[in-house]
Amino acid sequence: MPDIFRKILVTCALPYANGSIHIGHMFEHIQADIWVRYQRMRGHEVWFVSADDAHGTAIMLKSKKLGISPNKLIREMQIEHREDFLNFNISYDNYHSTHSKENLFLLRKFFSCFKKKKLLEKKTIVQFYDDVKKMFLPDRFISGTCPMCQSNKQYGDNCEICGATYEPTDLIDPVSIISKTTPILKNTEHLFFNLPIFKHMLINWVNSSTLQSAIIKKTEEWLISGLKHWCISRDEPYFGFKIPNFPNKYFYVWLDAPIGYISAFKNLCAKSKKLKFDDLWNEKSDYELYHFIGKDIIYFHTLFWPAMLESMSFRKPNGVFVHGYLTINGLKLSKSRGYLITARDWMKHFDSDSLRYYFSSKISNNIDDIDIKLEDFIQKINSDIVNKLINLALRSASFIHKYFNGYLSDNLNNIELYQNFSNSKEKIESYFENREYSFIIRESMKLLDIANQYINQKKPWLLVKKQNRKITDVHMIVTTGINLFRVIMIFLKPILPNLSIKVEDFLNIRLNWDDISVPLLSHKIKKFSILYRRINLENVSGLFDFYE
């Protein structure tokens, strides 16, 4: 057990239920899963949840295009999404949906609380209306020129180029994405949440060591520029939950989406005897709560979400971990332009560990974008995993079975070297905790270079040709090699779950964090078999072609 036992809930942003999971989604879910797996290895109680974001205009339009009901679409998408996350070893305790009885129950509780505390008001506003499709246009269904930086083809709520947020009516030359026509302005009545009343609470929360420095700076800019009342309703036609006593109006998807974190946990509580809902969500909870999100949804998680929680007297997150975008050869992923690689397409060509490892080699705790380059990916996997990591195990294990009947010796040849490897765990622990996975990869590769150099210098292949005393030396040398390999595999276990299972079978042990300081001696291992295969350029078969 760890010195300080922690109870933790971790969430990822909810993937939208109108399309397949792609490797851009996986970037976030892999980052979170590695952190979760590490915390579990340390003996902490960790619960990991997410859900499909199953409401909104886009769901309605996609189902109509496919000729199926929205309910059928989101059911099929949830099945597909769950399978994709399992294929990448994303270790969710519960993967739920915002279109659920728990989410509706909680949404109504939030709404009732807003009304009771007089946090809502009705306003008549002017919105863009598509006169061809006879519908009001959500922000993401309007495109135009950014009023701040003049960039073309920006959405109606924020600019992806300069990061500015604005009203849809501020767009220059707006166009309906649905009908490709110029929308008209039309009056409509909506419900608004009084966000400005929470300004002082938000200032204190933002500066409570909850956010990364770059996120604090960005959120403070919004606070300084002035908070606006938040529209929480949408006009029909729409797919979602209807607002009670407000005809033809639905709850805005961004109101019920973050509540999905709570409803996924509530659903999990019903399945687990260990969990009690109030133990986590009350204001004095001793659980920790962390959200992993992309930088495009900071606004919702650092302003709206804590204000919603405050209104309900629910606890707020201990951390909101924000990451940058994923690009491929410098190009941003785009559903509309077809610039993406789905999780399923990836698995047709590569294994999941390869993407987990490559992402880890680039992930830090800042919000910089990361880029995948095909040649770099192939070189990284072959050089690090095959040539360094697996080669260390192979060259040591071959002697263990050929000369020593599969048994490790009862002593190491270089206990000081082993202790140096073991002592690296404090540094690795800090890197894991702070989500600096690239440093873990860098440190592990540095250790592997030392381990392989050690075998090269000792030359066990020459020593076996000499007298019997040298055979004993060989036994201790290759046992040391196996133990150095084992330490590094323990470090990499949260990153490489599939390989770790194979290594545990090969070594006849569990790779446990608490075992790092004690070498594995007088123990029988299995005969070495292929643990990981080299990647060839032929494996790609056109997967990256549209990025060239």
Side-chain angles (χ1 to χ4, degrees), residues 37 40-41 87 89 91 350-354 356-357 381-415 417-418 421-422 425 444-445 447-456 458-465 468 470-535:
R37 285 175 179 271
R40 287 172 176 160
M41 280 187 77
N87 287 337
N89 290 297
S91 55
F350 308 113
D351 69 325
S352 60
D353 272 5
S354 63
R356 293 175 67 104
Y357 185 85
I381 300 305
N382 289 341
S383 173
D384 288 8
I385 299 181
V386 181
N387 295 350
K388 294 183 180 181
L389 181 62
I390 302 304
N391 187 48
L392 175 61
L394 168 61
R395 64 201 310 210
S396 300
S398 60
F399 288 97
I400 295 291
H401 272 277
K402 187 172 182 179
Y403 298 102
F404 309 109
N405 198 32
Y407 277 92
L408 301 179
S409 67
D410 54 7
N411 285 297
L412 297 181
N413 171 263
N414 191 331
I415 188 65
L417 177 61
Y418 180 83
F421 272 53
S422 174
K425 77 172 185 175
S444 297
M445 291 308 107
L447 293 173
L448 275 172
D449 287 340
I450 293 170
N452 280 301
Q453 187 179 17
Y454 163 78
I455 298 294
N456 290 340
K458 292 298 182 181
K459 296 181 173 58
W461 53 89
L462 295 181
L463 292 178
V464 294
K465 298 177 182 178
N468 289 338
K470 298 297 183 183
I471 287 290
T472 302
D473 290 343
V474 168
H475 199 187
M476 291 191 294
I477 290 166
V478 294
T479 295
T480 302
I482 288 293
N483 272 275
L484 300 181
F485 167 76
R486 168 178 161 265
V487 170
I488 296 166
M489 274 308 307
I490 293 174
F491 292 160
L492 296 177
K493 184 178 179 178
I495 296 171
L496 299 170
N498 282 340
L499 179 57
S500 296
I501 291 170
K502 294 179 182 178
V503 169
E504 287 177 333
D505 180 65
F506 160 55
L507 296 180
N508 272 325
I509 57 161
R510 289 294 303 275
L511 295 168
N512 294 322
W513 202 269
D514 292 341
D515 296 339
I516 289 175
S517 59
V518 181
L520 187 66
L521 301 171
S522 305
H523 173 83
K524 188 166 187 177
I525 64 173
K526 291 184 179 179
K527 191 171 183 179
F528 183 89
S529 59
I530 295 173
L531 296 173
Y532 202 90
R533 295 186 182 277
R534 180 177 299 276
I535 295 176

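Computed from a predicted structure; not experimentally measured.
Here His401 pairs with Ile525, Lys527 under the side chain to side chain contact (heavy atoms under 4.5 Å, CB included) rule; sequence neighbours left out.
Checking side-chain atoms of Thr479 against main-chain N and O of Ser409 turns up a donor-acceptor pair under 3.5 Å. Formation of a donor-acceptor pair under 3.5 Å by the His475 side chain with backbone atoms of Tyr403 is not found in this model. Checked by atom type and distance alone, the side chain of Asp353 pairs as donor or acceptor with a backbone atom of Leu499 at under 3.5 Å. For Asn508 (side chain) and His523 (main-chain N/O), no donor-acceptor pair under 3.5 Å exists by modelled atom type.
A 6.0 Å sphere centred on CG of Leu462 holds more than 12 heavy atoms belonging to other residues, nucleotides or ligands.
Annotation for Leu507 and Arg486: closest pair CD1-CB, 4.1 Å, computed over non-hydrogen atoms. Closest approach of Ser500 to Lys493, counting heavy atoms only: OG-CA, 3.2 Å. The heavy-atom pair separating Asp410 from Leu521 by the smallest distance is O-CD1, 3.5 Å. Looking at every heavy atom in both residues, Asn391 comes nearest to Asn387 through CB-O, 3.0 Å. Closest of all the heavy-atom pairs between Leu412 and Ile415 is CD1-CD1, 3.8 Å. A pairwise comparison of heavy atoms in Asn498 and Ser352 identifies ND2-OG, 3.3 Å as the closest pair.
The CG atom of Leu463 lies 11.0 Å from the OG1 atom of Thr472; values are rounded to the nearest 0.5 Å. Separating the NZ atom in Lys524 from the CG atom in Asn405 is a distance of 4.5 Å, to the nearest 0.5 Å. Summarising the geometry, atom NZ belonging to Lys425 is positioned 5.0 Å from atom OG belonging to Ser517; distances are rounded to the nearest 0.5 Å. Distance check, rounded to the nearest 0.5 Å: CG of Asn89 to CD1 of Ile495 gives 13.5 Å. Of the inter-residue distances, the one linking Asn512 atom CG with Glu504 atom CD reads 7.5 Å to the nearest 0.5 angstrom. Interatomic distance, CD1 of Ile535 versus CG of Asn382, reported as 6.0 Å (0.5 Å rounding).
For Phe506 and Phe528, the ring centers sit closer than 6.0 Å to each other.
No side-chain heavy atom of Ile390 sits under 4.5 Å from any side-chain heavy atom of Arg534. Using a 4.5 Å cut-off on side-chain heavy atoms (C-beta onward), Leu447 and Val487 make no contact. Put simply, the side chain of Val478 does not reach to within 4.5 Å of the side chain of Ile482, judged on heavy atoms. Between Met41 and Ile490, some side-chain heavy-atom pair lies under the 4.5 Å cut-off. Side-chain contact between Met489 and Leu389: present, with at least one pair of heavy atoms (C-beta onward) separated by less than 4.5 Å. Using a 4.5 Å cut-off on side-chain heavy atoms (C-beta onward), Val464 and Lys402 make no contact.
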- Starting from the C-alpha separation in whole Å, work towards a yes-or-no answer on side chain to side chain contact (heavy atoms under 4.5 Å, CB included) for Tyr532 and Val503. CA-CA 10 Å; Tyr532 202 90; Val503 169; over 6 Å; no
- Message: Pair Ile516, Phe421 - check side chain to side chain contact (heavy atoms under 4.5 Å, CB included), show working.
- Response: CA-CA 9 Å; Ile516 289 175; Phe421 272 53; over 6 Å; no
- Message: Is there a side chain to side chain contact (heavy atoms under 4.5 Å, CB included) between Asp515 and Arg510? Walk through the geometry before answering.
- Response: CA-CA 9 Å; Asp515 296 339; Arg510 289 294 303 275; 6.0 Å; no
- Task: Please step through side chain to side chain contact (heavy atoms under 4.5 Å, CB included) for the pair Asn414 and Lys458, ending with a clear verdict.
- Result: CA-CA 11 Å; Asn414 191 331; Lys458 292 298 182 181; 5.7 Å; no
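When each of Ile477, Leu392, Asp449 is tested with Tyr454 by the rule side-chain contact (heavy atoms from CB on, under 4.5 Å), just one qualifies, namely Ile477.
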